[in-house]
Amino acid sequence: QVQLVESGGGLVQPGGSLRLSCAGTGTIFSINSMGWYRQAPGKERELVASITRNGSPTYTGSAKGRFTISRDNAKNTLYLQMNTLKPEDTAVYYCNADVLTTRGSIESNYWGQGTQVTVSS
C-alpha cells in the first residue's frame, strides 16, 4: 500500500508564507512525476505545480513567481514553498504522485488526503 500524507497547511495572513510537505509511505520503489493540486470551494481541482523525478519544475497560473516546488527523492517527499499568499490561494491542496511499487511494476497514480490552506486577515 502507498500513502501520500500532506502537512503544513493552516491559516495565514495575506502576504504571508507557508511550506507544504507530502511524504510518501508504504511500498515504494520509486516515484516519477509529482505534483500539487488545489481545489477551492465550488471550483474544480486544478494543477498548481509539478516536478519530474530529476527535479524539473512546471508552474501554472498565479503560482508562477510565488511558489516553489521541490522534492527529496531519498525521503520520497514533495514540498511546496508558497510566498506572497493571496486570499484567492485559499483551497485544499492535494499531493499527487506516479509511483512504482516494485522494480518493473506498472506505474500507479496516488492522491493525498489534502491539507487546508486559508489566506485571510
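A donor-acceptor pair is defined here as one N or O able to donate and one able to accept, closer than 3.5 Å; no such pair exists between the side chain of Q113 and the backbone of V5. Put simply, the side chain of T60 gets close to the backbone of L47: a donor and an acceptor are under 3.5 Å apart. Here the side chain of R45 pairs no donor or acceptor atom with the backbone of V92 at under 3.5 angstrom. For W111 (side chain) and L4 (main-chain N/O), no donor-acceptor pair under 3.5 Å exists by modelled atom type.
A side chain to side chain contact (heavy atoms under 4.5 Å, CB included) with I28 is found for one member of L100, N76, T101 and no other, namely N76.
Scanning all heavy atoms of the two residues, the minimum distance from L80 to W36 falls at CB-NE1, 3.4 Å. Contact between Q116 and A91 at its shortest, heavy atoms only, is NE2-O, 3.4 Å.
Atom OG1 of T27 sits about 6.0 Å away from atom CD of Q1, to the nearest 0.5 Å. To the nearest 0.5 Å, atom CG of residue D98 and atom OG of residue S33 are 5.5 Å apart. Atom OH of residue Y79 and atom SG of residue C95 lie 11.5 Å apart, to the nearest 0.5 angstrom. Note that OG of S21 and CG of L78 are 8.5 Å apart. Values are rounded to the nearest 0.5 Å. One finds the CD atom of Q81 at 12.5 Å from the CD1 atom of I69 (value rounded to the nearest 0.5 Å). To the nearest 0.5 Å, atom OG of residue S62 and atom CD of residue E88 are 7.0 Å apart.
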Check against side chain to side chain contact (heavy atoms under 4.5 Å, CB included), L85 and F67: CA-CA 9 Å; L85 283 161; F67 295 0; 3.9 Å; yes
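Y94 and V117 are members of different hydrophobic clusters when ILVMFWY side chains are connected at heavy-atom separations under 4.5 Å. Note on I51: it clusters hydrophobically with V48, by side-chain heavy-atom contacts below 4.5 Å among ILVMFWY residues.
Residues R53 and N73 form a side-chain contact, since some pair of their non-hydrogen atoms from C-beta on lies under 4.5 Å apart. A heavy-atom distance below 4.5 Å is found between the side chains of I31 and R71. Looking at heavy atoms from C-beta onward, T68 lies in side-chain contact with Y59 at the 4.5 angstrom threshold. The shortest distance between side-chain heavy atoms of S108 and V99 does not fall below 4.5 Å. Using a 4.5 Å heavy-atom cutoff, the side chains of S120 and L11 are in contact.
Shown here is E44, whose CD atom has no more than 12 heavy atoms of other residues, nucleotides or ligands within 6.0 Å.
Under 3.5 Å, the side chains of S56 and N54 contain no donor-acceptor pair of N or O atoms.
Every residue meeting the side-chain hydrogen bond (donor to acceptor under 3.5 Å, both in side chains) condition with R38, not counting sequence neighbours, appears here in chain and number order: E46, D89, Y93.
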